[in-house]
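Report on the following structure.
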Amino acid sequence: MCGIAAVHDFRPTPSRLRRARAIGEEMLAALAHRGPDGHGSELVGPTWLGHTRLAIVDLDGGQQPLTAGSSGLWVVANGEIYNHDDLRTELGGPFATSSDSEVILHVVESRGTAGIHDMRGMLAFCVAGTDGYMVLARDALGVKPLYWARHDDRLLVASELGAFPSEVRAVVAEFPPGHHWTPRDGLRPFVDLLSDPLGVDQPVGPAFTQRRQAHAAIRENLVRAVGERMMADVPVGVFLSGGLDSSIIAAILARESEPGARVHSFAAGTPDSPDLAAARLVADQLGLEHHERVYTDDDVIAVLPAVVRTTESYEPSLIRSAVPNYLLAEMAARHVKVVLTGEGADELFAGYHHLRELDLPALRDALAHGLETLHHLNLQRCDRVTMAHGLEARVPFLSRDLLAVAQQIPLEWKVLGEDGQQKAHEKAILREAFEGWLPPEILWRRKEQFGDGSGTAAVMTRQAEALVPDPNWAAIRIPGLPAARSREELGYQRIFADHLGGIRAEQVLGRFATA
C-alpha cells in the first residue's frame with residue numbers, strides 16, 4: 001500500500017527537529033516507488049512522520065499522515081486492515097474518513113497497545129502524539145516490512161533498508177514481526193504464531209480427527225481470506241504460476257468476483273516454460289483475462305541489478321524467484337493495483353520436497369522455522385518486487401485464521417493421501433480440500449520453485465560465468481558478507497554491497513532486532 005518513515009528525537013530542540021525533518025524527507029524520497037499516488041509529512045511533537053501513498057482504499061480521503069478526533073495522535077501506515085469495518089462498529093467512531101488506517105488511531109486511543117492484536121491484516125505503522133507518545137508495530141507474520149535504527153539520540157524508522165542514511169546503516173535492524181514498541185515499555189510481543197496465532201489467550205483448538213472436517217475448514221477459511229483481501233476501491237488481480245497454490249487462489253477469486261467482472265491473471269516465464277503452459281490451462285478453465293510476460297536470457301540479465309537492489313537480498317534462490325516476479329509485477333501494474341498471491345501455503349501445508357523425508361518431530365520444527373523466517377525470505381521478495389512498481393501483493397494463505405486451522409491438522413495428513421499411503425505429491429490435504437475446483441493435472445501438479453518452473457534458474461545457470469568472470473571467484477570476499485557459495489551468489493553480493501554498503505549479513509537475514 002505505501003512506504004513509511006519516521007524520525008523520533010529523544011532530545012528535541014528546534015535545531016534538532018529541523019535536522020530530523022531533513023533526514024526524514026531524504027528517507028521518504030528513497031521510498032517514492034512504494035507510493036506513486038502522493039506523499040505527505042508532519043512534525044508531531046518530537047516525531048517527524050512521512051508517507052508515500054499507493055491509493056487502494058478511500059482514494060480521496062486516505063492521505064497520510066492522518067489524524068482524527070481530539071487525541072492529538074497521528075499515524076502513518078503501510079498495509080491493509082481487513083477487519084476495519086468490524087472494528088469501526090465495535091469502536092463506535094466518529095470517523096473522519098473511510099480509510100482502514102484511521103482505525104489504528106481509534107484502536108490505540110481506546111485500547112492502547114493491547115488492541116493491536118485485534119487488527120487483522122498485513123500492517124506496519126507508527127503512531128505519534130504531540131506529547132512524545134509513540135507506537136511502532138508490525139503484523140504477526142511480517143508481511144509488511146519495517147526497519148529501525150538508533151543513532152545520535154534519534155530513532156529512525158523506514159519500510160526499506162535503502163531509505164536509511166549511509167552513516168546509519170551499520171546499526172539498522174529489522175523490526176520483528178508480531179511486536180509493538182513504545183519508548184516507555186520497549187519491545188513487546190502481541191502474538192505467538194506457534195501457540196496463539198489468533199491473538200492473546202485464544203489458543204489453537206484440538207486436532208481434527210476426520211479429514212473431511214479439515215477439508216471443510218481449509219476451504220471455508222481460505223475462501224473467507226480471499227474475500228477479505230478483495231477489499232479495495234481499485235481492480236484486484238492474481239499472480240498465476242500454474243502451480244497448486246496460485247491456481248487455488250485464482251479459482252476462489254473467480255468464484256467470489258461479481259458476475260461478469262473482468263478478473264485479470266498474470267503469468268511470466270521463458271518461452272515454453274512449464275509455468276506458462278499450466279497458467280494458460282487454469283486461466284482458460286476459470287474464464288480469466290490472462291496476461292503473459294515472456295522473457296529471454298537478455299531480459300533476465302538486464303533486470304538482474306535492479307532485482308537485487310529491489311529485494312535488498314543476495315540469496316540465490318530468492319533472486320531466481322524474484323526475477324520472474326519483478327517482470328510479472330511490472331506488467332501487472334499496467335492493469336491493476338492489487339494482486340493476490342499463493343505465498344505461505346508451503347509453510348502451512350508442508351509443500352517443500354525435502355520435508356517429505358523428515359520424521360514428524362523434525363517436520364514440526366521445520367514448519368515452525370519456515371513460518372518464523374518467511375518475513376525476510378519469500379515475503380520480503382513478494383513485497384519488494386511488487387511495491388517497486390506501485391503494486392500491492394496480498395497473501396490469503398497467511399491469514400491468522402487459516403494458520404490456526406493448519407495447526408489443527410495432523411502433520412502426517414499434510415504429506416499422506418486419503419488412503420494413508422504417501423502420495424507422489426506434497427500438500428496432500430490441501431489438494432484434497434479443493435477437489436473439483438481445478439483440472440486434475442493442475443490440482444496434482446508436482447511443486448516447482450518459481451525460478452525453476454518459469455525457466456529463470458536455467459537462465460542463471462547459463463549466465464553465471466558471464467556474471468562473474470573471475471577465475472579465482474571462490475577466494476573473493478565481500479566485507480560484511482559470508483563467503484559466496486557460487487559464482488552466481490558472488491555476483492549478487494557485489495550488486496548488493498554496491499547498493500547497501502555498510503549493511504551486514506545478519507541485518508539482511510533478520511537475526512537481531514534491538515533499538
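Numbering of residues begins at 1 and proceeds along the displayed sequence.
Remark: side-chain polar atoms of R229 are not paired, donor with acceptor, to backbone N or O of R394 under 3.5 angstrom. Checking side-chain atoms of Q64 against main-chain N and O of A77 turns up a donor-acceptor pair under 3.5 Å. S246 places a side-chain N or O within 3.5 Å of a backbone atom of S241 that can act as its donor or acceptor partner. Counting only distance, with no hydrogens or angles, the side chain of N83 and the backbone of D118 share a donor-acceptor pair below 3.5 Å. Counting only distance, with no hydrogens or angles, the side chain of R138 and the backbone of F175 share a donor-acceptor pair below 3.5 Å. Here the side chain of E489 pairs a donor or acceptor atom with the backbone of R485 at under 3.5 angstrom. Side-chain N or O atoms of R34 include none that pairs as donor or acceptor with a backbone N or O of E160 at under 3.5 Å. Looking only at distances, no side-chain donor or acceptor of K144 sits under 3.5 Å from a matching main-chain atom of C2. N378 places no side-chain N or O within donor-acceptor distance of the main-chain N or O of L374, the cut-off being under 3.5 Å. One N or O on the side chain of E102 and one on the backbone of A96 form a donor-acceptor pair closer than 3.5 Å.
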What's the verdict on side-chain contact (heavy atoms from CB on, under 4.5 Å) for M230 and V338, showing C-alpha distance, side-chain angles and the deciding distance? CA-CA 9 Å; M230 292 169 67; V338 177; over 6 Å; no
Run the numbers on T97 and Q63 for side-chain contact (heavy atoms from CB on, under 4.5 Å), then give the verdict. CA-CA 10 Å; T97 74; Q63 292 83 3; over 6 Å; no
Verdict with reasoning, L348 to L371, per side-chain contact (heavy atoms from CB on, under 4.5 Å): CA-CA 8 Å; L348 295 189; L371 280 173; 4.0 Å; yes
Please evaluate residues E25 and S41 with respect to the criterion side chain to side chain donor-acceptor pair (under 3.5 Å), reporting the C-alpha separation (whole Å), side-chain torsions for both, the decisive distance (0.1 Å), and the verdict. CA-CA 8 Å; E25 293 291 352; S41 63; 2.9 Å; yes
Let's go through L222 and V405 carefully: what are the C-alpha distance in whole Å and the side-chain angles of both, what is the deciding distance for side-chain contact (heavy atoms from CB on, under 4.5 Å) to 0.1 Å, and is it a yes or a no? CA-CA 10 Å; L222 188 54; V405 168; over 6 Å; no
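I249 CD1 to E343 CD: the interatomic distance, rounded to the nearest 0.5 Å, is 10.5 Å. With values rounded to the nearest 0.5 angstrom, R494 atom CZ is found 12.0 Å from L481 atom CG. To the nearest 0.5 Å, the span separating CZ on R381 from CG on L377 amounts to 9.5 Å. We find the OH-CE distance between Y326 and M331 to be 14.0 Å, quoted to the nearest 0.5 Å. Taking CG of L66 as the start and CD1 of I104 as the end, the distance is 9.0 Å to the nearest 0.5 Å. Here OG of S101 is found 8.5 Å from CZ of R53. Values are rounded to the nearest 0.5 Å.
Across every non-hydrogen atom of G3 and L31, the tightest pair is C-CD1, 4.3 Å. Taking every heavy atom of both residues into account, F434 and I218 meet most closely at CE1-CG2, 4.0 Å. Across every non-hydrogen atom of A32 and T52, the tightest pair is CA-CG2, 4.1 Å. Of all non-hydrogen atoms in S247 and G243, the two that sit nearest each other are OG-O, 2.6 Å. Closest non-hydrogen pair, L253 versus S257, comes out as O-OG, 2.7 Å. Pairing each heavy atom of L398 with each of L141, the nearest pair is O-CD1, 3.2 Å.
A salt bridge is defined here as a Lys NZ or Arg NE, NH1 or NH2 lying under 4.0 Å from an Asp or Glu carboxylate O, and E167 with R169 fails to meet this definition. Electrostatic pairing of R219 and E432 does not count as a salt bridge here, judged by no charged N lying under 4.0 Å from a carboxylate O. Between D139 and R120 there is no salt bridge, since no side-chain nitrogen of the basic residue lies less than 4.0 Å from a carboxylate oxygen of the acidic one. We find that E426 and R431 are joined by a salt bridge, their nearest charged nitrogen and carboxylate oxygen being less than 4.0 Å apart. Using a 4.0 Å cut-off between a side-chain N of Lys or Arg and a carboxylate O of Asp or Glu, D275 and R445 qualify as a salt bridge.
Put simply, the side chain of V468 does not reach to within 4.5 Å of the side chain of E488, judged on heavy atoms. Here the side chains of L490 and I478 are in contact, with some heavy-atom distance below 4.5 Å. The shortest distance between side-chain heavy atoms of W444 and E435 falls below 4.5 Å. Looking at heavy atoms from C-beta onward, V191 lies in side-chain contact with R400 at the 4.5 angstrom threshold. Side-chain atoms of Y295 and P324, non-hydrogen and from C-beta on, do get closer than 4.5 Å to each other. I429 places a side-chain heavy atom less than 4.5 Å from the side chain of H215. The shortest side-chain heavy-atom distance between Y147 and S159 does not fall under the 4.5 Å cut-off. In this structure, L87 and M119 have side chains that are in contact, with non-hydrogen atoms separated by less than 4.5 Å.
Looking only at atom types and distance, the side chain of S313 has no donor-acceptor partner in the side chain of E315 under 3.5 Å away. D86 and T89 are not linked by any side-chain donor-acceptor pair at a separation below 3.5 angstrom, with hydrogens and angles left out of the test. For the residue pair H51 and E42, no side-chain donor N or O sits within less than 3.5 Å of a side-chain acceptor on the partner.
Note on ring orientation: taking the six-membered ring where Trp is involved, the planes of H291 and F266 are parallel (angle under 30°, cut-offs 30° and 60°). Using cut-offs of 30° and 60° on the angle between ring planes, the pair H354 and Y352 is parallel.
Aromatic rings of Y314 and F496 (six-membered ring for Trp) have centroids within the 6.0 Å cut-off, being under it. Proximity of the aromatic rings of F95 and H106 is defined here by a centroid distance below 6.0 angstrom, and this criterion is met.
Looking at residues two or more places apart in sequence or on another chain, you find a side chain to side chain contact (heavy atoms under 4.5 Å, CB included) between L43 and L17, R21, W48.
For the side chain to side chain contact (heavy atoms under 4.5 Å, CB included) with V76, the lone residue among V157, I4, V127 that qualifies is I4. When each of R384, H499, H376, Q380 is checked for a side-chain hydrogen bond (donor to acceptor under 3.5 Å, both in side chains) with E312, only R384 meets the rule.
In H179, the NE2 atom is crowded: over 12 heavy atoms of neighbouring residues, nucleotides or ligands sit closer than 6.0 Å.
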